[in-house]
Amino acid sequence: MRPRSPFVAGKLHGRMIKQHDFSSRLDDGDAEQEGKLQTAGPSSLRTATSMPDGFFQSTTAAARFLRAELELSARLRTLTFGDPIRYTYNPLEYAWDTHRCYVETYCRSGQSVLFLGMNPGPFGMAQTGVPFGEVNAVRDWLKITGEVGHPANEHPKRRISGLACTQSEVSGARFWGFFKELCGEPDNFFRHCFVHNLCPLIFMSESGKNLTPPELPAADRDALLLHCDAALCQVVSVLGVSKVIGVGKVAEQRARRALTEAGISVRVEGIMHPSPRNPLANKGWAAVARTKLEELGVLSLLTK
């Protein structure tokens with residue numbers, strides 16, 4: 001049996017990304033300790049490149065959201081993963097520039113709907129730092145810019161090319177393509193909605209096969225999702241949304257469980273996942289999504 005491999009952070013074009021580390025004393029569910037910082041030791045990973053002065057005191061929705069994500073990343077770095085997981089990427093580390101651009105551009109006060117994906121895909125957020133981040137949609141419609149580096153331990157068949165990636169992610173192309181056709185301009189979507197992933201990590205086997213969180217060994221999955229659930233509750237509170245829409249059954253069910261157990265009163269619903277693995281999505285995902293969003297009262301927000 002292989003030893004359990006620690007989650008190691010990435011580099012941005014050959015240099016370590018600076019990270020504000022969070023207190024090692026953060027206990028699950030201890031709200032009083034959340035967000036506390038301590039001086040990082042020599043072995044700790046540091047992210048968050050060139051954060052502006054006052055970032056950690058800012059009360060904007062975007063800054064509070066990013067702080068919650070940095071805290072989650074710090075927690076996840078304490079985990080180790082066993083077989084069949086051989087590679088773990090965190091785009092919040094090596095694609096922080098583009099991710100931060102996405103959040104600071106589109107995360108706003110007053111948004112009422114949070115679309116929630118499960119975790120990055122190898123040719124989506126893993127490349128761009130944006131949820132469902134198919135490269136063309138991210139670069140050409142969302143107009144996201146920034147440097148993308150590399151994970152410290154990179155699978156030879158799953159290289160990170162960033163915004164220069166030539167492979168399109170079907171799920172992301174369907175997701176953002178649908179909203180582009182519906183809304184025309186990004187602002188018409190983000191006026192009311194934001195998009196986020198429950199888990200920021202992508203997992204791969206020795207062969208490079210993508211492993212989603214439900215496919216992880218139970219102990220690894222439970223430890224991972226415990227942190228992700230707590231971060232979701234924090235994010236929902238930060239954004240003040242009234243509705244969370246899980247993209248796919250797993251995200252929907254996980255959100256409902258986490259938010260209910262935390263006593264956070266929001267409506268949790270779901271739409272079909274646009275993955276090509278889903279035969280129903282291949283028969284016309286956009287039409288199914290449109291019908292569901294109309295049923296949920298979201299479509300009218302996006303077509304005004």
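One is the number of the first residue; the rest follow in order along the sequence.
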Less than 4.5 Å apart, any side-chain heavy atom of [X] and any of [Y]?
| X | Y | value |
| --- | --- | --- |
| Ser112 | Leu301 | yes |
| Val238 | Val235 | no |
| Tyr102 | Val195 | yes |
| Phe194 | Val241 | no |
| Leu66 | Trp96 | yes |
| Cys107 | Leu239 | yes |
| His273 | Val247 | yes |
| Cys193 | Phe190 | no |

Looking at Glu181 and Arg290, is there a salt bridge between them, counting it only when a charged N and a carboxylate O are closer than 4.0 Å?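 Answer for the salt bridge query: no.
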Using 4.0 Å as the upper bound for N to carboxylate O, is an ion pair formed by Glu252 and Arg256?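 Between Glu252 and Arg256 there is a salt bridge, with a charged N closer than 4.0 Å to a carboxylate O.
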Has [X] got a side-chain atom pairing as donor or acceptor with [Y]'s backbone, closer than 3.5 angstrom?
| X | Y | answer |
| --- | --- | --- |
| Thr98 | Thr128 | yes |
| Thr60 | Ala63 | yes |
| Tyr106 | Leu142 | yes |
| His227 | Leu76 | no |
| Asn210 | Gly121 | no |
| Asn197 | Pro131 | no |
| Arg174 | Pro274 | yes |
| Glu206 | Arg86 | no |
| Glu69 | Arg100 | no |
| Asn282 | Pro276 | yes |

Looking only at heavy atoms, which two atoms of [X] and [Y] are closest? And how far apart?
| X | Y | result |
| --- | --- | --- |
| Val288 | Met272 | CG1-CE, 3.6 Å |
| Leu302 | Asn188 | CD2-O, 3.9 Å |
| Gln127 | Val148 | O-CG1, 3.5 Å |
| Ser205 | Tyr87 | O-CD1, 3.8 Å |
| Asp220 | Gly82 | OD2-N, 3.1 Å |
| Ala258 | Cys233 | O-SG, 3.6 Å |

Please round to the nearest 0.5 Å and tell me the distance separating atom [atom1] of [X] and atom [atom2] of [Y].
| X | Y | atom1 | atom2 | answer |
| --- | --- | --- | --- | --- |
| Ile160 | Ile202 | CD1 | CD1 | 7.0 Å |
| Asp83 | Leu216 | CG | CG | 11.5 Å |
| His150 | Ser161 | NE2 | OG | 7.5 Å |
| Cys199 | Met125 | SG | CE | 9.5 Å |
| Leu116 | Ile271 | CG | CD1 | 11.0 Å |
| Asn119 | Phe203 | CG | CZ | 7.0 Å |

For Lys292, enumerate each residue passing the side chain to side chain donor-acceptor pair (under 3.5 Å) test, keeping only those at least two apart in sequence or located in another chain.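 Here the qualifying residues are Glu295.
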For a side chain to side chain contact (heavy atoms under 4.5 Å, CB included) with Glu169, tell me which candidate from Phe123, Trp176, Phe175 qualifies.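 Testing Glu169 for a side chain to side chain contact (heavy atoms under 4.5 Å, CB included) against Phe123, Trp176, Phe175 leaves exactly one candidate, Phe123.
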Passes ring pair (Phe, Tyr, Trp, His ring centres under 6.0 Å), Phe179 versus Phe132? Steps please. CA-CA 12 Å; Phe179 288 113; Phe132 294 95; 9.5 Å; no
Go through the side-chain N and O atoms of Thr212 and Glu215 and say whether any donor and acceptor fall under 3.5 Å apart.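 A pair is found: one side chain offers a donor N or O, the other an acceptor, under 3.5 Å apart.
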Pairs involving residues 257-282, ordered by first then second residue, that meet salt bridge (Lys or Arg N to Asp or Glu O under 4.0 Å) (sequence neighbours left out):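 Those involving residues 257-282 are Arg257-Glu261, Arg267-Glu269.
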Does anything in residues 227-237 form a salt bridge (Lys or Arg N to Asp or Glu O under 4.0 Å)? List the pairs, not counting sequence neighbours.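 Pairs touching residues 227-237 that pass the test: Asp229-Arg254.
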Quick check: Phe178 with Trp285 (ring centres under 6.0 Å apart)?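 Centroid separation for Trp285 and Phe178: below 6.0 Å.
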Under 6.0 Å from the NZ atom of Lys243, do we count more than 12 heavy atoms belonging to anything else shown?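 Counting other residues, nucleotides and ligands, NZ of Lys243 exceeds 12 neighbours.
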